[in-house]
Amino acid sequence: MNVTAVVGANWGDEGKGRMVDALGADHDIVVRFQGGGNAGHTVITPLGKFVLHLLPSGVLRPGTVNVIGAGVALDALLLEQELSALRARGLPAPELWVSDRAQLLLEHHRRLDAYEEERLGARSFGSTRTGIAPFYADKYAKVGVRVDDLFDEDRLRARLEPTLAPKNAALRVLYAQPDLELERLLAELRRAREILVPFVRDTGAYLNAALAAGRRILLEGQLGALRDPDHGIHPWVTSSSPLAGFATVGAGIPARAIGRVVAVTKAYSSCVGAGPFVTELAGNAGHELRSRGGDAGEYGATTGRPRRVGWFDAPATRYGCRVQGATEVALTGLDVLGYLDRIPICTGYDIDGSLATEFPTTRLLERAAPIYEDMPGWRTAFGDVSRFTDLPEPARAYVQRLEGLIEVPIRWVSFGPRREQLLER
Ligand code: GDP
Ligand code: MG
């Protein structure tokens, strides 16, 4: 039971980085198992605010080992940038290992992502344009480049050459862009090899040995359950599974190793990108919640885009916790709601005149209207709190009501983005 997964119950940006940082103190190794530089995990430490993209959030705790697993979309240039940004802020170089089986996200993935979003125009996916969808398309079409491939250039050259024709046809015909050239691609891969050499290792073997030695591993998810390609709000999903069930696959450890699944959810809702969002608030109410949310308003940690915000959505979160297999919940952002007299909670959906309490497929979700109940607000800032019983009674009642609705114990309550603004119930 030495493996904990910290994963999102909703649309992403639930505060996973903050929880990985907090729980990381009790773990030896933090592993990213999927996604890539499209993540933006905010962690506030005594040294200030950090936004991590590709690096596991364990890099902010000296002594923690950090691993980028085989399931990650590995952008070597971004990795180099993030490491040098940490150095520039005075942090010691983290212990970092990169899986020899991870695949490389390359410049043409980023370009293709942006071209396709442009082509779709108003019907675009709201991608972060970091190349994630084209990367995973290549991976599952079996034409991607593995880290270990970088160490045999002749082999790499022979394998890459035939893969360029379909890409070039798309570049030319769909996007009116110049062809990819093999020599330029190889030069890019040589540069990636230079960056990665000190970190490459068989991380599966490393992690399994660590488990056998009783070391504690934390698996850090990116995005949230509702962005899962199978169980999320398809097609408004991401291209790799952010579920705890996939975490062991992306990390390369046995499924039975996971003992604890911490699903992170906010005390309200936020969502970046397109897709149905039933409790979304428009106008002034949305503007107010957005400006009070997060550590400095709800704006995308990677893109700076204003996040869509709304009230807590119980059917969505109960479902998110279920598909994550949550054993406990971390509720973040409770402090944000302190300005309200009454706080609406969505307890069900009205779909064509019928009540739905199960989270439906996207086709039906697009027709859902929220059914709300109101809870009294507490109209106060929390100040110094260390125990749940220190919170005002209406805030405790709000947490208890959410717990009843999502059917998973809320073990952690976060009431601010800083390390000390977290309590265990
Ligand atoms: P992640 O992608 O799940 O790691 O979440 P993000 O870092 O993208 O977004 C979460 C935002 O909420 C960040 O701005 C955090 O600093 C902030 N945050 C986390 N926990 C709390 C909390 O309890 N209260 C407040 N006000 N902000 C929080
Ligand atoms: Mg984020």
Side-chain angles (χ1 to χ4, degrees), residues 5-24 30 32 34-45 47-60 126 128 130 132 218-227 238 242 262-273 288-309 312 317 320 324 329-340 381-383 385 388 391 395 398-399 402 410-425:
V6 175
V7 288
N10 304 98
W11 302 266
D13 304 324
E14 297 93 346
K16 296 173 296 294
R18 181 254 189 290
M19 287 309 300
V20 170
D21 174 65
L23 301 180
V30 177
R32 276 285 307 271
Q34 46 83 224
N38 55 335
H41 293 179
T42 313
V43 181
I44 299 181
T45 79
L47 293 177
K49 170 170 165 170
F50 295 85
V51 180
L52 299 165
H53 303 288
L54 199 51
L55 287 174
S57 298
V59 296
L60 301 176
T128 56
T130 45
I132 298 296
L218 197 157
L219 305 171
E220 176 174 12
Q222 183 229 359
L223 285 166
L226 305 177
R227 301 295 190 192
T238 193
V262 183
V264 188
T265 184
K266 273 179 177 145
Y268 51 97
S269 298
S270 75
C271 166
V272 169
E288 173 128 51
L289 181 53
R290 180 176 308 110
S291 65
R292 291 174 180 273
D295 69 291
E298 289 285 1
Y299 297 92
T302 296
T303 56
R305 288 182 290 186
R307 290 177 179 157
R308 301 160 72 193
V309 293
F312 187 84
T317 309
Q324 289 291 13
V329 161
L331 184 73
T332 63
L334 187 66
D335 53 302
V336 171
L337 301 178
Y339 70 99
L340 295 157
F382 292 144
V385 171
F388 187 62
L391 292 174
Y398 182 75
V399 173
L402 298 190
I410 296 177
R411 177 164 170 195
W412 307 93
V413 177
S414 170
F415 50 94
R418 296 201 312 277
R419 278 182 174 163
E420 66 280 12
Q421 291 173 313
L422 177 70
L423 63 86
E424 183 176 1
R425 283 174 77 202

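Counting convention: from 1, in listed order, for ligands and their atoms alike. What you see is a predicted model; the values in this text were computed from it and never measured.
- For ligand 1, the polar-atom distance check against G15 finds a nitrogen or oxygen pair separated by under 3.5 Å.
- Protein heavy atom in closest approach to atom 12 (O) of ligand 1: G294 CA, 3.5 Å.
- When atom types are taken as modelled, the side chain of R290 and the backbone of R307 share a donor-acceptor pair closer than 3.5 angstrom.
- Contacts between R18 and ligand 1 below 4.0 angstrom, taking non-hydrogen atoms only, involve the side chain exclusively.
- Q324 places a side-chain N or O within 3.5 Å of a backbone atom of P242 that can act as its donor or acceptor partner.
- Side chain of K266 to backbone of D13: a donor-acceptor contact under 3.5 angstrom is found.
- For atom 4 (O) of ligand 1, the nearest protein heavy atom (residue, atom name, distance) is G17 N, 2.8 Å.
- Side-chain atoms of R425 come within 3.5 Å of backbone N or O of I410 as a donor-acceptor pair.
- Looking at R307 against ligand 1, only its side chain comes within 4.0 Å, counting heavy atoms.
- Ligand 1 has an N or O atom lying under 3.5 Å from an N or O atom of G333, backbone or side chain.
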Exercise. Is there a side-chain contact (heavy atoms from CB on, under 4.5 Å) between L331 and T265 once you walk through the steps?
Worked result: CA-CA 5 Å; L331 184 73; T265 184; 3.8 Å; yes
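- Among protein heavy atoms, atom 10 (C) of ligand 1 sits closest to D13 O, 3.6 Å.
- Some N or O of K16 is nearer than 3.5 Å to an N or O of ligand 1, by distance alone.
- Residues I44 and R419 fail the side-chain proximity criterion, which asks for heavy atoms closer than 4.5 Å.
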Exercise. Does the side-chain contact (heavy atoms from CB on, under 4.5 Å) test come out yes or no for V6 and E220, once each step is laid out?
Worked result: CA-CA 5 Å; V6 175; E220 176 174 12; 5.8 Å; no
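- Checked by atom type and distance alone, the side chain of Y268 never pairs as donor or acceptor with a backbone atom of G293 at under 3.5 Å.
- Using a 4.0 Å cut-off to heavy atoms of F415, the atoms of ligand 1 that qualify are 23 (O).
- At a cut-off of 3.5 Å, with distance as the only test, a side-chain donor of S414 or R18 sits close to an acceptor on the other residue.
- Looking only at protein heavy atoms, the nearest one to atom 18 (N) of ligand 1 is P417 CB, 4.0 Å.
- In terms of protein heavy atoms, atom 14 (O) of ligand 1 is closest to D295 OD1, 2.4 Å.
- Residue contact check: T332 has heavy atoms under 4.0 Å from atoms 20 (N), 23 (O) of ligand 1.
- Numbered from 1 in the order shown, with element, the atoms of ligand 1 that lie under 4.0 Å from a heavy atom of V336 read 26 (N).
- Protein heavy atom nearest atom 23 (O) of ligand 1, with residue, atom name and distance: S414 OG, 2.5 Å.
- Counting only N and O atoms by type, the side chains of D21 and S57 include no donor and acceptor under 3.5 Å apart.
- Here the protein heavy atom with the shortest distance to atom 2 (O) of ligand 1 is G40 O, 3.0 Å.
- Expressed to the nearest 10°, the angle at the Mg ion (ligand 2) joining O in G40 with OD1 in D13 is 160°.
- Atom CZ of R418 has 12 or fewer heavy atoms from other residues, nucleotides or ligands within 6.0 Å.
- No donor-acceptor pair under 3.5 Å is formed between the side chain of R292 and the backbone N or O of L337.
- With 2.8 Å as the limit, L223 does not count as an N, O or S neighbour of the Mg ion (ligand 2).
- By the 4.0 Å heavy-atom criterion, G12 is excluded from the residues contacting ligand 1.
- Ligand-side atoms of ligand 1 in range of H41: 1 (P), 2 (O), 4 (O), 7 (O), range being under 4.0 angstrom from any heavy atom.
- Between G293 and ligand 1, no N or O atom pair is found at a separation short of 3.5 Å.
- At a 4.0 Å heavy-atom cut-off, ligand 1 touches D335 through the side chain alone.
- Within the 4.0 Å heavy-atom criterion, both parts of T42, backbone and side chain, lie near ligand 1.
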For this session: Could you go through the side-chain contact (heavy atoms from CB on, under 4.5 Å) check for L223 and N38 one step at a time?
Result: CA-CA 9 Å; L223 285 166; N38 55 335; 4.2 Å; yes
